[in-house]
Amino acid sequence: MCMENKLRSLPGVDKILEYSEIKDLVKDFPHNLIVDIIRENMAFYRTSITQGKQPPSPDEIVSYVVKQLLALSQPRLRPLINATGVVLHTNLGRAPLSELAVDAMIKVSSGYSNLEFDLGKGERGSRHGYIESLLCRITGAEAGVVVNNNASALLLGLTALAKRKEVIISRGQAVEIGGGFRIPEVMRQSGAKLIEVGTTNRTYIDDYEKAISSRTVALMRVHTSNFKVVGFSQSVALEEIVALSKKSHVLVFDDVGSGCLLDTAPFGLEHEPTVQDSIAQGVDLAFFSGDKLLGGPQAGIIVGKKIYLDKLKKHPLMRAMRLDKTRLAALEATLIHYLKGEALVKIPVWQMISMSLTEIEQRAQSWAGCLGNNVKVVSGESVIGGGSMPGASLPTRLVAVNCSRKSNLAEKLAGWLRDQDPPVIGRISENILLIDPRTVLPAEDPIVIKTLQQGLKHLDL
Ligand SMILES: *Cc1c(COP(=O)(O)O)cnc(C)c1O
């Protein structure tokens, strides 16, 4: 068939609209959307025919249009099961929320709320008052505000207090956090001038002292959350930085990163700086995320001295970065867990971190018991992740599916598991698919078992 005939053989839009599969869609989708999708498909097929491809049959076109419309009406964002053993996985949405935090979000979003309404006085109230008092009680700070995320918190703090002034930072802490977020670039955005001191691996208190000038407004410490300098390295303790700042009449800004509020040592992890430490040592402002080790929704939190927080609260950027009622509700509920001393048992990331090896072993054994001969329980490690605690790992037990019989079988199984609803995400090491119970919420156990059983059957393992 010559190209003109092939093009002519394509059915018209009207013809496609007459197919019963398409007619069935009319009750769920507007007519013009269906027509648009058909036209887009026709344009695509015309181009592919001019490039020498065969014309599709009308049935093929119809089935493709139906598929596209159905795919378009599925939300892209959906839940999945994290069996990777990475507790805070940025690609998988960081911290899962506590039951109470989820309830709080649903309650304030399905109707109206007193977001900015004082129920006692019957007049306009403050959006931030209560969360501020929680933050102060938990961290020991005088004041606090919450914004969109820690990147915004830093941008707000630096813009409001350090614009056209100098902020001194150790060269080893002028870091990239991930996803293109670099401390030096945030500083540039804010209009603050970054003065880097020391070298990549070693910085001394004298380096800071020598760099202080009449234009210096603050010394900044950034927790190097996602990497570690080992060997010949030296950084200055926060205590010394604070002492120097007092002597030189400049401020201290501390980017604490993960917002850790509990001691990590009892779990065999190395010490992660806590917000309370930072405040107790006398920093002027501490910045941290809501959805890392704090275990709440995405948020950026700034706590510290009232005189500086008052300036931040009045800054025009504050309005552009503020939290909506749902995240505010989740953050309040999460902070209340800390206030009541129940964070370890109520907040999922801390339940995962503190889960005993015995419990993990029991779950792994019971999963493996349902999965046949190719599956056994092996020792391994879970990690904190999410730009928190570089190199920190927790001993765990993994369900290991041995796929070494055929090449690529582990990838195939992993791909099949990703294609389920909900998808189950594991990791692969040397042709073995590994599933870590630590990061699987206990309520998800039966789904993991069932999905794995079906996957093994599907691939004849
Ligand atoms: C993660 C992190 C940030 C960025 O926080 P977001 O809440 O993701 O914006 C900034 N600084 C440090 C030290 C971090 O670890």
Side-chain angles (χ1 to χ4, degrees), residues 86-97 131 135 144-159 162 167 169-190 192 194 196 203 218-229 235 238 241 252-261 264 269-275 277-279 283 285-304 312 317-318 320-324 327-328 330-331 334-335 349 383-392:
V86 182
V87 177
L88 293 167
H89 200 305
T90 297
N91 300 352
L92 306 185
R94 290 196 184 157
L97 297 176
I131 204 125
L135 286 168
V145 287
V146 295
V147 290
N148 178 58
N149 59 6
N150 195 17
S152 335
L154 291 164
L155 185 59
L156 174 64
L158 291 166
T159 309
V167 175
I169 186 172
S170 158
R171 192 156 271 131
Q173 295 177 1
V175 298
E176 172 166 323
I177 306 293
F181 174 77
R182 293 177 165 179
I183 293 292
E185 276 160 23
V186 175
M187 287 210 162
R188 212 166 300 131
Q189 263 317 310
S190 73
L194 179 70
E196 285 183 40
T203 302
L219 311 179
M220 175 141 182
R221 181 181 79 151
V222 176
H223 178 46
T224 52
S225 325
N226 53 2
F227 73 101
K228 211 169 162 173
V229 179
S235 62
L238 187 59
I241 296 179
V252 176
F253 296 160
D254 189 17
D255 178 3
V256 197
S258 74
C260 186
L261 295 169
T264 49
L269 293 167
E270 59 190 270
H271 179 73
E272 172 79 3
T274 65
V275 181
D277 278 353
S278 186
I279 294 299
V283 306
L285 294 178
F287 303 81
F288 51 100
S289 299
D291 56 353
K292 291 183 178 172
L293 284 174
L294 190 102
Q298 182 191 301
I301 301 168
I302 314 174
V303 293
L312 266 51
L317 269 181
M318 182 65 212
M321 294 172 171
R322 73 183 187 184
L323 284 192
D324 78 304
R327 284 201 275 153
L328 213 45
L331 190 57
T334 308
L335 291 172
V349 299
V383 295
I384 305 299
S388 305
M389 315 200 72

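Remember, it's 1-based here, ligands and their atoms both numbered in the order they're listed. Remember, predicted model here, so these are calculated numbers, not experimental data.
The side-chain heavy atoms of M318 and V147, taken from C-beta on, include a pair separated by under 4.5 Å. Q298 places none of its side-chain heavy atoms less than 4.5 Å from the side chain of L323. Within the 4.5 Å cutoff, no side-chain heavy atoms of V283 are placed close to those of I241. Here the side chains of Q189 and L155 are in contact, with some heavy-atom distance below 4.5 Å. Residues R221 and P273 are in side-chain contact: their nearest non-hydrogen atoms beyond the backbone lie under 4.5 Å apart.
Taking the salt bridge (charged side-chain N to carboxylate O under 4.0 Å, His left out) definition, one finds that D291 meets it with R94, sequence neighbours left out. Listed by chain and residue number, E196 satisfy the salt bridge (charged side-chain N to carboxylate O under 4.0 Å, His left out) test with R171 (two or more places apart in sequence, or in another chain).
For ligand 1 and K292, the ligand atoms under 4.0 Å from any heavy atom of the residue are 1 (C), 2 (C), 3 (C), 14 (C), 15 (O). Heavy-atom contacts of D255 reach the following atoms of ligand 1: 10 (C), 11 (N), 12 (C), 13 (C) (cutoff under 4.0 Å). Shown in contact with S289 at under 4.0 Å from a heavy atom are these atoms of ligand 1, numbered in order with element: 5 (O), 6 (P), 7 (O). Those atoms of ligand 1 that come under 4.0 Å of a heavy atom in G257, given as number and element, are 12 (C), 13 (C), 14 (C), 15 (O).
Among the atoms of H223, none of the N or O lies under 3.5 angstrom from an N or O of ligand 1. Residue contacts with ligand 1: V256 is placed with no nitrogen or oxygen under 3.5 Å of a nitrogen or oxygen of the ligand (distance criterion only). Checking only distances, N150 does come within under 3.5 Å of ligand 1, N or O to N or O.
At least one heavy atom of R94 lies less than 4.0 angstrom from ligand 1.
Under 4.0 Å from ligand 1, not a single heavy atom of Q298 appears.
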